[in-house]
Each structure stands twice: as C-alpha cells, then as structure tokens.
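Nothing fancy with the numbering, it's 1 onward along the sequence.
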Amino acid sequence: MLFLTSLLFSYCKPRTYFLCITNPSNREPLLLVCKLSFLLLVQMSQQIQKTTANGKEMLSNPRLLPLEGTSNVMMKQNVSLSCHVDSGSPPVRYTLFKHNKKVSTLNRPDLTPGLFNLTINSDSDVGEYKCKAENNITNGGKYSNSLRFTLIEPISKPVLSSLTSQAKKGQNVTLSCLSVNGSLPITYIFFKGKRSISQPVKMQKREAAIIFLFINSSSDFGTYKCRAENSFRNNTKYSNSFNFTLAEERRHSQPLIISLVLILLLFIIGFALAIPFFIIPSYKAKKFKSTRSSAGLTSTMNAEEAEDDVIYAEIEPVKPEEEYINISVIRREDEEGKKFKL
C-alpha cells in the first residue's frame, strides 16, 4: 500500500502542490529524498520571482555602511554613508532615512553605491539611519540594515576625592574618581605614586569609580592619583594629587585647645558673677565715703567762717529782779545788726 504525502507550497503564484509518494515499508529514505526535492523547488521558485517577463532582476536588500569604516564620531564631524545593492536591474534610486524621516534621495544609472554626506551637529544626528533601494520592478523598495553612530567626546580632567582627608592606622578609607565630561564608557585606574593599585574600572554611567583602602602603615599616607580614558584617541587625563593626613598628629593639640576654651569660659563666668556681688558694692561704698568727706569739709569751713563773723558785746550788769542777757550779733552779710533776747 502506498503512503501519500502532500505538502503545500505557496512560494510561487499560483500556488503549487508538491506531492511525494512513499512506500510505508521503506518510508524514511524516500521521505528524505522528497524533502530535498522540495527545497530545490523552493530555491528555483525564488529565482523565478526575481526575474520578470522582461528579463529584469529585482533588487537585493541594500547595505548601509559608514564610508570611514567606523561608527564612532565627534561633534561637528563630517561623515559619509554608503548605500548599495549587490544585485538587481538598474537604474536604482536610493533614499536615506533618519528616525524614519526622509533625509535625501540619490539616483544611480547603474549599481554604484549611493553616498550620503552628513554633519554631526547634535545628539540626534547619531541616528538611527536606514536606506531604501528601488528600481522599476520592485514594489515598495527594499530596506537596509539600521545604523547608529556612537558620539565620542574628549574626557575632562578627573577629580580625585575622599569622604575624609584624615585617617589613622587601621582605618578603612575610600577614594573616588570622576570625569564630568566625556563620552561613555570611561575607564578609571588608581595610582599610588607611580604604581597602579587597582584594576581598570569601566563605568557605563556618569558615576564615580570608587576603591576601598586600608591604612595599615605610615607608607599608606602617600600621594594618590587616578587616570581616566575613553574611546577617544590619545585622550588620557590624570587627576589631581590627594594625600591623607595622619589623625594622631593633631591629637595633642586638641585637648590643649579645649582646656584653654574652658579656662576662658570660667573666667568670663567668674567675672560676670563678681560684678553684682563685689564690684558694684565696692563702687557704691567708695562713692558714699567720698560724699561724706566732701560734706564734712564743707561743714567745717562754714563753721569757721561763721565763727569769724560773730562779734561778742559786753554784757551789762542785770538787776536781781530781772535777768536778761542782751547779745548783739552782727554778720557781715547783714547791713544792720540784729538783737537776740534770750
């Protein structure tokens, strides 16, 4: 009994049915031959599709390549893109697209590549680019691969820093290195003196490269630097120098400063307390004594002046019946004398 295998072949128009008749008792070898025949028929059908009744050949898919051979570009750089097909019937019309928007169109009478000249003026000019090739028999044209440029920028001088500039033996510290400008990725290497102390650290983002150090001896308080580089040619930059300060060097001066501050503070407090309890009473007592001395001197002087102004008169004998004493007191400041009767 024969076994009938039917395969639907739709690569050609109109559709073709490929029949493969095999023997059930010896099926596998015949089925393999059937498959090979089917693949051969597919290739022949594809070749037939490329050729029309007029003998013209359809275009192959174009290829878009940078003429400089590299996709790395710099700002303000002029670049050229080549769009070409390997086979097909001329003439050929090439169209370049950037972000699915038409940029330019070129017509070629033969299969020579179409060259498109560009200038990288901004970040949007790096792509994505595609080109389309068309001839008179290709419906809708054929599109190429996509291409995107990589914008490279010279790196700036990196900055080497740490969270602390003071350290002591047995302490863990960190060093960070960062270039704020330059195309990514950026590779950093740390140095102590002229000796490398780290493996290359490649940063894909605009972030600082960080390493951890252990201060084990006084030799670890050396001069540190870092180096930064990217894909830009001959553009390696070194950072500033960085030194750690031994924290013990300032240990003896800190208690002395604290003691002096405390002594000065106690002196100010003592002086403030002495003002209401000692200085003000002493000042008042001294002022009161000075006032009394001045008042006593004035009273004595007035008494002496008054004694000089008194004139004593002779007292007349008084009769026994009446006892009177007449005293006449004449002061210099009065024009007439006054008589007092006691």
> Only one of L213, T164, I210, I211 passes side-chain contact (heavy atoms from CB on, under 4.5 Å) with T174; say which it is.
I210
> Any link between L115 and L118 through a network of hydrophobic side chains (Ile, Leu, Val, Met, Phe, Trp, Tyr) touching at under 4.5 Å?
no
> Can you find a pair of side-chain heavy atoms, one from K142 and one from S60, that are under 4.5 Å apart?
no
> In Å and rounded to the nearest 0.5 Å, what is the CG to OG1 distance from L65 to T70?
12.0 Å
> Can you tell me how far the CG atom of D125 sits from the CD1 atom of I120, to the nearest 0.5 Å?
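Separation between the atoms: 5.0 Å.
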> Same hydrophobic cluster for V73 and M75, using side-chain heavy-atom links shorter than 4.5 Å among ILVMFWY?
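They do share one cluster, since a chain of ILVMFWY contacts under 4.5 Å joins V73 to M75.
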> Kindly determine whether I152 and N230 satisfy side-chain contact (heavy atoms from CB on, under 4.5 Å), including the steps that lead there.
CA-CA 8 Å; I152 59 174; N230 61 1; 5.6 Å; no
> May I ask you to say whether K192 pairs ionically with D220, meaning some side-chain N is under 4.0 Å from a carboxylate O?
yes
> Answer whether the closest heavy-atom distance between the side chains of L67 and L81 falls below 4.5 Å.
no
> Test of understanding: clusters of I, L, V, M, F, W, Y form through side-chain heavy atoms closer than 4.5 Å, transitively. Do V85 and L106 belong to the same one?
yes
> Using the rule that Ile, Leu, Val, Met, Phe, Trp and Tyr join whenever any side-chain heavy atoms are under 4.5 Å apart, tell me whether F221 and L160 fall into a single cluster.
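In one cluster with F221: L160, yes.
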> Write out all pairs satisfying side-chain hydrogen bond (donor to acceptor under 3.5 Å, both in side chains) with one or both partners inside residues 194-215, taking only residues at least two apart or from two chains.
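Residue pairs with at least one partner in residues 194-215: there are none.
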> Within the structure provided, determine whether T150 and R148 are in side-chain contact (heavy-atom separation under 4.5 Å).
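Result no, sub-4.5 Å side-chain heavy-atom pair not found.
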> Kindly work out whether a path of hydrophobic side-chain contacts (I/L/V/M/F/W/Y, heavy atoms less than 4.5 Å apart) joins L147 to V79.
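Same cluster.
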> If you measure from CD on Q171 to CG on L246, what distance do you get to the nearest 0.5 Å?
10.0 Å
> Does the plane of the ring in F244 sit parallel, tilted or perpendicular to the ring in Y224? Use 30° and 60° as the thresholds.
perpendicular
> Please examine the side chains of V103 and F116, heavy atoms only from C-beta on, and report whether any two atoms are closer than 4.5 Å.
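Counting from C-beta outward, F116 and V103 never come under 4.5 Å.
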> Determine, stepwise, if the pair S156 / S179 fulfils side chain to side chain donor-acceptor pair (under 3.5 Å).
CA-CA 6 Å; S156 59; S179 288; 4.6 Å; no
> If you measure from SG on C83 to CG on L96, what distance do you get to the nearest 0.5 Å?
7.5 Å
> Using side-chain heavy atoms (C-beta onward) and a distance below 4.5 Å, is N145 in contact with L64?
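Side-chain contact under 4.5 Å: yes.
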> Within a reach of under 6.0 Å around NZ of K225, are more than 12 heavy atoms found that belong to other residues, nucleotides or ligands?
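Not buried by this count: 12 neighbours or fewer within 6.0 Å.
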> Can you tell me how far the CG atom of L151 sits from the OG atom of S122, to the nearest 0.5 Å?
9.5 Å
> Grab the two heavy atoms, one from N181 and one from E153, that are nearest each other, plus how far apart they are.
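Of all heavy-atom pairs spanning N181 and E153, the closest is CB-OE2, 4.3 Å.
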> Looking only at atom types and distance, does a side-chain atom of N61 sit under 3.5 Å from a main-chain N or O of Y143, one as donor and one as acceptor?
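Here the side-chain-to-backbone pair exists.
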> Between S146 (side chain only) and E128 (backbone N and O only), is there a donor and an acceptor less than 3.5 Å apart?
no
> Where do P91 and N135 come nearest, in terms of heavy atoms and distance?
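Looking at all heavy atoms of both residues, the closest pair is O-CB, 3.3 Å.
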> Mind listing the closest non-hydrogen atom pair of I186 and A228 along with its distance?
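Closest heavy-atom pair between I186 and A228: CG2-CB, 4.1 Å.
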> Run the side-chain contact (heavy atoms from CB on, under 4.5 Å) test on T105 and T95 for me, step by step, so that the C-alpha distance in whole Å, both residues' side-chain angles and the decisive distance to 0.1 Å come before the verdict.
CA-CA 4 Å; T105 299; T95 305; 3.5 Å; yes
> Classify the ring geometry of F149 against Y129: parallel below 30°, tilted from 30° to 60°, perpendicular beyond 60°.
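Perpendicular.
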> R93 and N107: which non-hydrogen atoms are nearest, and at how many Å?
CG-OD1, 3.1 Å
> Does T187 use its side chain to pair, donor to acceptor, with the backbone of P200 at less than 3.5 Å?
no
> To the nearest 0.5 angstrom, please state how far the OG atom of S89 sits from the CE atom of M58.
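It comes to 10.0 Å.
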> Does a sphere of radius 6.0 Å around CD1 in I268 hold more than 12 heavy atoms from other residues, nucleotides or ligands, not counting ones at 6.0 Å or beyond?
yes
> A quick test of your reading: do over 12 heavy atoms of other residues, nucleotides or ligands sit less than 6.0 Å from CG of D123?
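No - once you tally the heavy atoms of other residues, nucleotides and ligands closer than 6.0 Å, there are 12 at most.
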> Around atom CG of N172, are there more than 12 heavy atoms of other residues, nucleotides or ligands at under 6.0 Å?
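Yes, enclosed.
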> Testing the basics here: between C177 and Y188, what is the closest heavy-atom pair and its distance to 0.1 Å?
SG-CD2, 3.5 Å
> According to the side-chain hydrogen bond (donor to acceptor under 3.5 Å, both in side chains) rule, which pairs have a member within residues 76-86, sequence neighbours left out?
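Applying side-chain hydrogen bond (donor to acceptor under 3.5 Å, both in side chains) to every pair that reaches into residues 76-86, excluding sequence neighbours, yields R63-H84, R63-D86, N78-T119, S80-N117.
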> Taking all heavy atoms of Y94 and all of L111, pick out the closest pair and write down the distance.
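Of all heavy-atom pairs spanning Y94 and L111, the closest is OH-O, 4.3 Å.
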